[in-house]
Amino acid sequence: MLALITGGFFKIGLFFYATVLSLSHVFKLKNPSPLVFPIGLVILFYSLSLTQNYFEHVYEGLKIIPFTLHLPFQIVIPALLLVIAFLRNRKKIQSVPMKNTAENS
């Protein structure tokens, strides 16, 4: 139980740190410290208003989240990026002229 609580603490802390750094990068702030308190308040109020009890939390995690988060982030977006990368790479290969190797020999 202690390992689960400790692991959860570090996971949340790492996500919080990444959020603060990425938002400071987006807003081009040299010092990310002013964002810590407002982002912490947003996370606190969002976590309190997300579900009312444990059973709602479990229902949301098993029935809603797989379709709204897991499906897009694990299947749709990677497939879309693969298609885009394939199309970009194909255009680059077609635009590069092929050298005649018989003349160079």
Side-chain angles (χ1 to χ4, degrees):
M1 188 61 136
L2 184 64
L4 284 173
I5 292 172
T6 306
F9 175 78
F10 281 109
K11 180 180 173 182
I12 292 168
L14 183 67
F15 285 159
F16 181 70
Y17 180 69
T19 302
V20 169
L21 283 182
S22 61
L23 282 177
S24 69
H25 182 70
V26 166
F27 294 126
K28 295 181 175 133
L29 299 173
K30 292 183 180 182
N31 187 9
S33 297
L35 294 176
V36 172
F37 189 69
I39 293 172
L41 284 177
V42 168
I43 291 172
L44 175 68
F45 289 125
Y46 183 68
S47 67
L48 292 175
S49 67
L50 195 58
T51 58
Q52 298 298 320
N53 55 32
Y54 178 72
F55 298 108
E56 285 183 18
H57 176 73
V58 170
Y59 173 78
E60 186 173 309
L62 294 176
K63 302 291 181 185
I64 297 171
I65 296 298
F67 298 108
T68 58
L69 287 179
H70 297 166
L71 186 68
F73 284 116
Q74 293 178 1
I75 296 172
V76 175
I77 294 173
L80 194 71
L81 291 174
L82 181 65
V83 169
I84 291 170
F86 176 74
L87 292 175
R88 281 186 164 184
N89 194 21
R90 193 180 76 190
K91 287 181 181 178
K92 286 182 182 178
I93 290 174
Q94 288 176 353
S95 66
V96 175
M98 297 293 288
K99 292 184 180 179
N100 190 354
T101 57
E103 292 179 18
N104 293 338
S105 297

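All of these numbers come straight from a predicted model, not from anything done at the bench.
In this structure, CG in Leu82 is found 9.5 Å from CG in Leu87, a value given to the nearest 0.5 Å. Here Ile77 contributes atom CD1 and Leu71 contributes atom CG; the two are 10.0 Å apart, rounded to the nearest 0.5 Å. Between atom NE2 of residue His57 and atom CG of residue Leu62 there is a gap of 9.0 Å, rounded to the nearest 0.5 Å.
Ile65 and Phe73 fall within a single hydrophobic cluster, where Ile, Leu, Val, Met, Phe, Trp and Tyr side chains are chained together by heavy-atom contacts under 4.5 Å. In this structure, Val26 is a member of the same hydrophobic cluster as Leu29, with clusters built from ILVMFWY side-chain heavy atoms closer than 4.5 Å.
The local environment of NE2 in His25 is sparse, with at most 12 non-hydrogen atoms from other residues, nucleotides or ligands closer than 6.0 Å.
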Per-pair distances, 0.1 Å, donor-acceptor, side chain in residues 9-24, under 3.5 Å, sequence neighbours excluded:
unit_1	atom_1	unit_2	atom_2	d
Thr19	OG1	Phe15	O	2.8
Ser22	OG	Ala18	O	2.9
Ser22	OG	Thr19	O	3.0
Ser24	OG	Val20	O	3.3
Ser24	OG	Leu21	O	2.7

